[in-house]
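Have a look at the structure below, then the notes.
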Amino acid sequence: MPKRRFMFHTQGYDIPYLKKPILCSKDNAWLGHGFYYWLEEGDAIYWGQTAKRNYKKFGVYVSDIDCENILDTVFNEEHYIFWIRSIDKAVKNLYKTTNKKPTIECVNAYLMQKGGWDKSITGIMFQDLPVNDKILKVAGFYYRKRIQLAIFNNKIIINFIHNFDGEC
Amino acid sequence: MLKISIMLNLKELEESLDKALNSETYESLMAWYQEIDNRDAETSN
């Protein structure tokens with residue numbers, strides 16, 4: 001796995017341009033509170049066009065990211081198995097203790113704080129499937145991973161540069 | 001930039017999670033949930 005990756009951060013249009021990425025602190029953020037980056041530019045643009053409509057325009061920023069201590073659930077099988085096992089275990093135990101399904105926020109916070117992940121894991125790389133048919137090269141064929149990195153330790157963000165603005 | 005050079009030790013992380021889960025009680029979990037809620041409330045203020 002490359003130790004350094006070039007990745008894309010999308011935000012609503014803003015002038016002056018941002019000097020650093022914005023922390024996502026939504027409770028339902030998939031991987032918890034963090035700085036979210038896309039691995040591919042097309043996904044960063046699609047995110048801007050769909051999730052930043054309130055701004056009318058969006059900005060895409062680029063960064064080099066030090067990926068040495070991220071949990072890479074996309075390309076590293078050992079990391080992926082660890083990730084699945086940890087979540088399953090946490091969810092099962094939290095449910096057993098409270099008799100309620102835990103929320104995304106609780107699971108993420110539990111792994112980070114009580115599981116000690118916040119001490120050594122600087123980010124988590126995760127994938128889902130692209131939902132944008134326009135950027136699929138073959139209709140209905142979801143062969144490409146849509147990859148995101150949630151960064152918990154901003155020291156791994158080596159630089160931060162405005163790349164371009166787009167229309168929603 | 002401060003270079004982080006600790007390699008991920010998955011075994012250690014797994015043990016740490018197991019330890020936390022095994023010692024968890026309903027009361028300790030509720031207290032922790034409350035702590036998170038309070039922290040969120042402070043952050044949003």
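Note that the structure is a prediction, hence the values are computed from the model and not measured. Chain A is the first sequence line, chain B the second, and so forth, proteins listed ahead of strands; every chain is numbered from 1.
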Check whether B/N9 gets within reach of chain A through its side chain, its backbone, both or neither, counting any heavy atom under 4.5 Å. neither
Contact origin within B/L29 toward chain A - heavy atom pairs under 4.5 Å: side chain
Which answer fits A/E78, side chain, backbone, both or neither, if we ask what part of it has an atom under 4.5 Å from a heavy atom of chain B? both
Out of B/N22, B/L17, B/T25, B/L10, which one racks up the most heavy-atom pairs below 4.5 Å with chain A? B/L10
Can you give me the closest heavy-atom contact between B/S28 and B/S23, atom names plus distance? OG-O, 4.5 Å
Run the salt-bridge test on A/R146 and A/D128 with the 4.0 Å N-O cut-off and return the result as yes or no. yes
Region of B/I36 that comes under 4.5 Å of a non-hydrogen atom in chain A: side chain
Top contributor to chain B contacts, counting heavy-atom pairs under 4.5 Å, from A/T97, A/N99, A/L111, A/I121: A/T97
Check this for me, if you would: do A/R144 and A/D43 make a salt bridge, where the nitrogen-to-carboxylate-oxygen distance has to be below 4.0 angstrom? yes
Taking every non-hydrogen atom, the tightest pair across A/K101 and A/Y95: N-CD1, 3.7 Å
Contact summary for A/D118 and A/Q113, nearest pair of heavy atoms: OD2-CA, 4.0 Å
For A/T73 and A/M125, the nearest pair of non-hydrogen atoms, with its separation, is OG1-O, 2.5 Å
Using only non-hydrogen atoms and a strict under-4.5 angstrom cutoff, which residues of residues 12-32 of chain A touch chain B? A/D27
Non-hydrogen atoms of A/C106 and B/W32 that approach each other most closely: O-CH2, 3.8 Å
Lys/Arg-Asp/Glu bridge criterion (N-O < 4.0 Å) met for B/E14, A/K89: yes
Output the distance between atom CD (A/Q11) and atom OH (A/Y55), rounded to the nearest 0.5 Å. 7.0 Å
